[in-house]
Amino acid sequence: MPIYSYKCSSCGNTYDSMKSFDEADKDDVCPNCGGDAKRMFSDPAAVIYKGSGYYCTDNHHDNGCNCSQCKGGN
């Protein structure tokens, strides 16, 4: 089951809770004060591709590329 983050509207407490997909959109009860807690949404993690092979081998159309693989190198 996924873990979701919630923030209490009464005391400002933030906490994580493991819930099923069906229960995720429902409001939660703050474990600190018993107040109403709303689900928080955050930005997704950025994916960073490092190395010399990804662009030339997997995500590329040979339109004037100057990488060694397109030039016939290793």
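Computation of the quantities below employed the complete heavy-atom set of this structure, encompassing side-chain atoms and omitting hydrogens, waters and symmetry-equivalent molecules.
- Rounded to the nearest 0.5 angstrom, Cys30 SG and Tyr15 OH are separated by 5.5 Å.
- A salt bridge does not link Asp28 with Arg39: none of the charged nitrogens is closer than 4.0 Å to a carboxylate oxygen.
- Residue Lys38 holds its NZ atom at 16.0 Å from OG of Ser5, rounded to the nearest 0.5 Å.
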Let me check something: any side-chain donor-acceptor pairs from residues 7-14 under 3.5 Å, sequence neighbours excluded? List them with distances.
unit_1	atom_1	unit_2	atom_2	d
Ser9	OG	Asp36	O	3.0

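- Within the 4.5 Å cutoff, side-chain heavy atoms of Phe21 are placed close to those of Tyr4.
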